[in-house]
Amino acid sequence: MSNSNVLLLSVGGSSEPNIHVIKERKPEKIIFFSSESSREKVEQEILPAVGYFPRCGHIVTPDAEDVGVSTFELLKKMPEELRKLGETIDWPQLCGYTGGTKTMSAAVVWASSRFPCELLYVGGQKRSKGGWELLKTGRSSWWPLKIHGTQ
């Protein structure tokens with residue numbers, strides 16, 4: 001792995017967990033993984049809220065409810081996105097799987113299990129239909145998990 005700080009981040013209905021991860025880890029480069037319907041959240045909500053603009057790439061799943069399709073799309077498109085960002089690594093070192101559908105989160109974890117990286121999940125004890133209540137008040141739980149991959 002290079003010394004670069006690259007983050008893969010799944011995007012879904014609530015932007016607060018993604019904003020939290022970016023502010024906490026301050027990655028130089030981010031590859032967002034979203035459905036077509038949540039893609040605009042990156043430019044409209046997430047990036048304006050973090051206070052700086054890292055270099056970004058984007059992978060859109062063709063089916064946010066199919067774990068196989070989503071995993072395959074990540075594995076297929078990641079090398080191209082990393083090259084566009086000037087990276088020579090095989091996979092991002094940081095992989096946030098809090099956002100998106102449960103299927104998209106599973107796809108991030110499944111695809112990432114082949115590579116050395118740190119899995120990041122942001123959660124709380126209470127969640128409402130409108131989003132992550134505990135994150136909005138600054139109280140959250142942070143569960144990083146390092147995996148060594150099979151490569």
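- Neither Leu119 nor Trp110 shares a network with the other; the hydrophobic side chains, linked directly or stepwise wherever heavy atoms of I, L, V, M, F, W or Y lie under 4.5 Å apart, form separate groups for each.
- Taking a 4.5 Å side-chain heavy-atom cut-off between Ile, Leu, Val, Met, Phe, Trp and Tyr, the cluster of Val60 contains only that residue.
- Linking Ile, Leu, Val, Met, Phe, Trp and Tyr residues whenever their side-chain heavy atoms come within less than 4.5 Å places Ile89 and Trp91 in a single cluster.
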Is there a side-chain contact (heavy atoms from CB on, under 4.5 Å) between Leu74 and Leu8? Walk through the geometry before answering. CA-CA 10 Å; Leu74 275 171; Leu8 165 61; 4.1 Å; yes
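- In this structure, Phe72 stands alone, with no Ile, Leu, Val, Met, Phe, Trp or Tyr side-chain heavy atom under 4.5 Å from its own, directly or through other members.
- Linking ILVMFWY residues whenever their side-chain heavy atoms come closer than 4.5 Å, directly or via other members, places Ile46 and Leu94 in the same cluster.
- The shortest non-hydrogen separation linking Cys117 to Pro92 is CB-O, 3.4 Å.
- Contacts of Glu43 classified as side chain to side chain donor-acceptor pair (under 3.5 Å), with partners at least two apart in sequence or in another chain: none.
- The salt bridge (Lys or Arg N to Asp or Glu O under 4.0 Å) search around Glu45 returns Lys41, not counting sequence neighbours.
- The shortest distance between side-chain heavy atoms of Pro27 and Val6 does not fall below 4.5 Å.
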Less than 3.5 Å apart, which donor and acceptor atoms pair up between the side chains of residues 102-109 and the rest of the protein, not counting sequence neighbours?
from   : atom 1 : to     : atom 2 : distance (Å)
Ser105 : OG     : Tyr97  : O      : 2.6
Ser105 : OG     : Gly99  : O      : 3.4
Ser105 : OG     : Thr101 : O      : 3.4

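- Side-chain contact check for Leu7 versus Arg25: every heavy-atom pair is 4.5 Å or farther apart.
- How far OG of Ser14 is from CD1 of Ile19: 8.0 Å, rounded to the nearest 0.5 Å.
- By the 4.0 Å N-to-carboxylate-O rule, Arg83 lies too far from Glu80 to be salt-bridged with it.
- Tracing side-chain contacts under 4.5 Å through hydrophobic residues (I, L, V, M, F, W, Y), one reaches Ile31 starting from Phe115; they form part of the same cluster.
- Applying the side chain to side chain donor-acceptor pair (under 3.5 Å) test to Ser35 and every residue at least two apart in sequence or in another chain returns Ser37, Ser38.
- Looking only at side-chain heavy atoms (C-beta outward), Val122 and Glu24 stay at 4.5 Å or farther from each other.
- Among residues two or more places apart in sequence or in another chain, the side-chain contact (heavy atoms from CB on, under 4.5 Å) test is passed with Phe53 by Leu47.
- In this structure, Lys29 NZ and Glu81 CD are separated by 12.5 Å, a value rounded to the nearest 0.5 Å.
- Every residue two or more places apart in sequence or in another chain that forms a side-chain contact (heavy atoms from CB on, under 4.5 Å) with Lys26 is listed here: Tyr52.
- For residues 64-77, the salt bridge (Lys or Arg N to Asp or Glu O under 4.0 Å) pairs, not counting sequence neighbours, are Glu73-Lys76, Glu73-Lys77.
- Between the Arg55 side chain and the Lys84 main chain, a donor and an acceptor come within less than 3.5 Å of each other.
- Between Asp90 and Met78, the closest heavy-atom pair is O-CG, 4.4 Å.
- In this structure, Phe32 and Asn18 have side chains that are not in contact, with every pair of non-hydrogen atoms separated by 4.5 Å or more.
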